[in-house]
Amino acid sequence: MSQSIDARILTAVRAIPRGRVSTYGWIATLAGFPRQPRMVGYALRRADEVDLPWHRVVNAQGGISPRANAEWVRVQRQRLEQEGIRFDARGRIDLARFGWKGPSPRP
DNA sequence: AACCTGACTTGGC
DNA sequence: TGCCAAGCCAGGT
């Protein structure tokens with residue numbers, strides 16, 4: 001296909017439903033790049049798309065990954081809480097409850 | 001054109 | 001539990 005890696009990753013990110021979260025690893029797999037979660041982070045870092053729900057992507061522990069500008073970490077948590085997502089005392093999300101691994105119907 | 005740097009995950013001690 | 005190495009793309013200097 002002629003789509004760039006970034007484009008495919010961003011497409012997968014856009015599919016995450018509101019009120020749910022996905023991980024770098026899951027998104028990588030959905031985009032067709034299993035075992036390359038770093039690519040997801042890199043793509044998001046470069047992304048400038050305004051409507052992209054980047055805040056719904058968290059790390060495998062259900063936590064928000066640190067980045068250069070710590071300000072965005074706060075923004076991300078705030079946005080997730082607005083969507084009804086709960087954080088535990090350690091600042092982590094219960095992936096078994098809020099995690100979204102793909103378009104397959106959730107039981 | 002080489003070199004550096006970033007939103008990660010997993011397996012092995 | 002925790003630290004380490006490997007896997008590996010793009011854009012900026």
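In what follows, chains carry the letters A, B, and so on, assigned in the order in which the sequence lines appear, proteins first and then strands, with residues in each chain numbered from 1.
Remark: N69(A) pairs with E71(A), W72(A) by the side-chain contact (heavy atoms from CB on, under 4.5 Å) rule, at least two apart or across chains. Partners of A47(A) by side-chain contact (heavy atoms from CB on, under 4.5 Å), not counting sequence neighbours, listed by chain and number: L10(A), L52(A). Considering only residues two or more places apart in sequence or on other chains, R67(A) meets the side-chain hydrogen bond (donor to acceptor under 3.5 Å, both in side chains) condition with Q76(A).
Following rounding to the nearest Å, I9(A) (CD1) and dG6(B) (P) show an atom-to-atom distance of 19 Å. Atom CZ of R8(A) and atom P of dA10(C) are 12 Å apart (whole Å). At whole-Å resolution of the value, CD in Q76(A) and P in dC8(B) are 11 Å apart. A straight line from NZ of K101(A) to P of dT9(B) spans 13 Å, rounded to a whole angstrom. Across the protein-nucleic acid pair, L95(A) atom CG and dC8(B) atom P stand 16 Å apart, rounded to whole Å. A straight line from CH2 of W54(A) to P of dG6(B) spans 18 Å, rounded to a whole angstrom.
Looking at Q78(A) and H55(A), their side chains never bring a donor and an acceptor atom within 3.5 Å of each other.
Sparse packing is recorded around CZ of R35(A), with 12 or fewer heavy atoms of other residues, nucleotides or ligands lying under 6.0 Å away.
Within 4.0 Å of A68(A), counting heavy atoms only, lie sugar-phosphate atoms of the nucleic acid but no base atom.
With a 4.5 Å cut-off on side-chain heavy atoms, V13(A) and R56(A) do not count as touching.
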List every contact pair, protein side and nucleotides 1-9 of chain C side both N or O, where the distance is under 3.5 Å.
from	atom 1	to	atom 2	distance (Å)
dG7(C)	O6	R38(A)	NH1	2.6

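In secondary-structure terms, DNA chain C builds stems of at least 3 consecutive Watson-Crick or G-U pairs, each pair having both distances under 3.5 Å, at B:2-6 with C:9-13, B:8-13 with C:2-7.
Through side-chain heavy atoms spaced under 4.5 Å, either directly or across other Ile, Leu, Val, Met, Phe, Trp or Tyr residues, I64(A) is tied to V21(A), W26(A), V58(A), V73(A), L80(A), I85(A), F87(A), I93(A), L95(A), F98(A).
Ion pairing between a basic and an acidic side chain is recognised when a charged N comes within 4.0 Å of a carboxylate O; E81(A) and R77(A) show such pairing.
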